[in-house]
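As structure tokens, the structure follows; a few thoughts come after it.
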Amino acid sequence: MTNDIYGPFPGGRGGLPDQGWLETLTEGQRARYEELGTNLDVVERRIADACAAAGRPRDEVTLVVVTKTYPAEDTALLAGLGVTDVAENRDQDAAPKAEQCRNLPLDWHFVGQLQTNKVRSVVRYANHVHSVDRLRLVGSLSAAVLKSERPELGCLVQVALDKEHGEGAHRAGVAPEDVAELTDAIADTPGLRLDGVMTVAPLAGPLAGDPLRAFERLTEIATAVRTTHPAATMVSAGMSGDLEQAIAAGATHVRVGTAVLGVRSPLR
């Protein structure tokens, strides 16, 4: 795909490309564009149905498409289909992809475990980091943001629900009882903005295999956070297999990869 595809799409954020842009695609690119569009339609229907079942307006839930392991070309096609929020979990893949797509109207989310030696790179493109789980990372993010003179970085505390029951000691995320300390630290640190909380359905403990209960527990934690930090309204939960349960429990952002991009051999 030529670099021309990385230019702004007519209509701005959320706009669709005009017919002239579509005509520049090769046969293979057009087929992929149509495949992604079909998958997006299915996911959008699932989100709309889940919102209706929960008695929630559709606009309360943001779809974040997780583009990890897939090429920048797919990200550009997704933007052409109206996707505005994309996520990555490894900086070594995300940084060059974000640079290629720098002219697209995209909001970049970093959702993977973040090492402090990658922070300076991540703050160059990410608008939200969903995986803040330790005080040292808070300090590193703040220093990098202030040095870069960029706008505030949105931060979510990653909650490891299994740690509440003595499981998952080596998994990313903080135990629920440690959330308050970390949210307070983010809120009080220059260059950072506390956006909310994030979790992945636990693999161990009493909530394993029951994503609805797990996400309801996250919502309880999010509600407690908002008593002190009312602007921290993001609740990031749910993926391709459990987005309905996440929406039923109150998630504001669902992170969907496979259901949009498909199960094919990804580029590495």
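No hydrogens, no waters, no symmetry mates; every other heavy atom, side chains included, goes into these values.
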Ion pair check, R102 and E99, cut-off under 4.0 Å: yes
Could you tell me whether a side-chain N or O of [X] sits under 3.5 Å from a main-chain N or O of [Y], the two making a donor and an acceptor?
{"X": "T258", "Y": "V263", "answer": "no"}
{"X": "K68", "Y": "V111", "answer": "no"}
{"X": "K163", "Y": "G173", "answer": "yes"}
{"X": "R45", "Y": "A48", "answer": "no"}
{"X": "S142", "Y": "P190", "answer": "yes"}
{"X": "E35", "Y": "R32", "answer": "no"}
{"X": "D242", "Y": "M239", "answer": "yes"}

Could you label the plane-to-plane angle of the H128 and H109 rings as parallel, tilted or perpendicular, counting under 30° as parallel and over 60° as perpendicular? parallel
Can you measure from [atom1] ([X]) to [atom2] ([Y]) and round to the nearest 0.5 angstrom?
{"X": "F110", "Y": "L153", "atom1": "CZ", "atom2": "CG", "value": "11.5 Å"}
{"X": "R46", "Y": "S240", "atom1": "CZ", "atom2": "OG", "value": "6.5 Å"}
{"X": "L194", "Y": "T189", "atom1": "CG", "atom2": "OG1", "value": "10.0 Å"}
{"X": "L135", "Y": "E181", "atom1": "CG", "atom2": "CD", "value": "5.0 Å"}
{"X": "Q245", "Y": "I247", "atom1": "CD", "atom2": "CD1", "value": "9.5 Å"}
{"X": "L146", "Y": "L192", "atom1": "CG", "atom2": "CG", "value": "7.5 Å"}

So [Y] and [X], do their side chains get closer than 4.5 Å, heavy atoms only?
{"X": "T24", "Y": "Q29", "answer": "no"}
{"X": "K118", "Y": "V123", "answer": "no"}
{"X": "I186", "Y": "V132", "answer": "yes"}
{"X": "D178", "Y": "V157", "answer": "no"}
{"X": "V122", "Y": "L141", "answer": "no"}

Applying the side-chain contact (heavy atoms from CB on, under 4.5 Å) test to [X], which of [options] qualifies?
{"X": "L182", "options": "V138, V225, V197", "value": "V138"}
{"X": "D85", "options": "T62, N127, L78, V65", "value": "T62"}
{"X": "W108", "options": "V129, T75, V64", "value": "T75"}

Smallest separation among heavy atoms of [X] and [Y], with atom names:
{"X": "A248", "Y": "L212", "answer": "CB-CD1, 4.0 Å"}
{"X": "R217", "Y": "P176", "answer": "NH2-CB, 3.9 Å"}
{"X": "Q100", "Y": "A72", "answer": "OE1-CB, 3.3 Å"}
{"X": "A214", "Y": "L207", "answer": "CA-CD1, 3.9 Å"}
{"X": "G154", "Y": "D195", "answer": "CA-OD2, 3.1 Å"}
{"X": "A94", "Y": "Y125", "answer": "CB-OH, 3.3 Å"}

According to a hydrophobic-cluster definition based on side-chain heavy atoms being under 4.5 Å apart (Ile, Leu, Val, Met, Phe, Trp, Tyr only), do [X] and [Y] belong together?
{"X": "V174", "Y": "M198", "value": "no"}
{"X": "V66", "Y": "V43", "value": "no"}
{"X": "V86", "Y": "M234", "value": "no"}
{"X": "L104", "Y": "L261", "value": "yes"}
{"X": "F215", "Y": "L156", "value": "no"}

More than 12 heavy atoms from other groups under 6.0 Å of [atom1] on [X]:
{"X": "E216", "atom1": "CD", "value": "yes"}
{"X": "E177", "atom1": "CD", "value": "yes"}
{"X": "E27", "atom1": "CD", "value": "no"}
{"X": "R120", "atom1": "CZ", "value": "no"}

Are [X] and [Y] linked by a side-chain donor-acceptor pair shorter than 3.5 Å?
{"X": "E60", "Y": "T252", "value": "no"}
{"X": "Y33", "Y": "D74", "value": "no"}
{"X": "D91", "Y": "S121", "value": "yes"}

Walk me through whether T116 and R136 qualify under side-chain contact (heavy atoms from CB on, under 4.5 Å). CA-CA 8 Å; T116 54; R136 183 184 176 195; 3.7 Å; yes
Report the residue from Q158, H130, H253 that forms a side-chain hydrogen bond (donor to acceptor under 3.5 Å, both in side chains) with S236. H130
Under the side-chain contact (heavy atoms from CB on, under 4.5 Å) rule, what do E244 and V254 come out as? Steps first, then yes or no, please. CA-CA 9 Å; E244 286 87 358; V254 291; over 6 Å; no
Test side-chain contact (heavy atoms from CB on, under 4.5 Å) applied to T219 and T223, step by step: CA-CA 6 Å; T219 299; T223 299; 4.3 Å; yes
Carefully, step by step, assess I47 and V61 under the rule side-chain contact (heavy atoms from CB on, under 4.5 Å). CA-CA 8 Å; I47 294 173; V61 179; 4.1 Å; yes
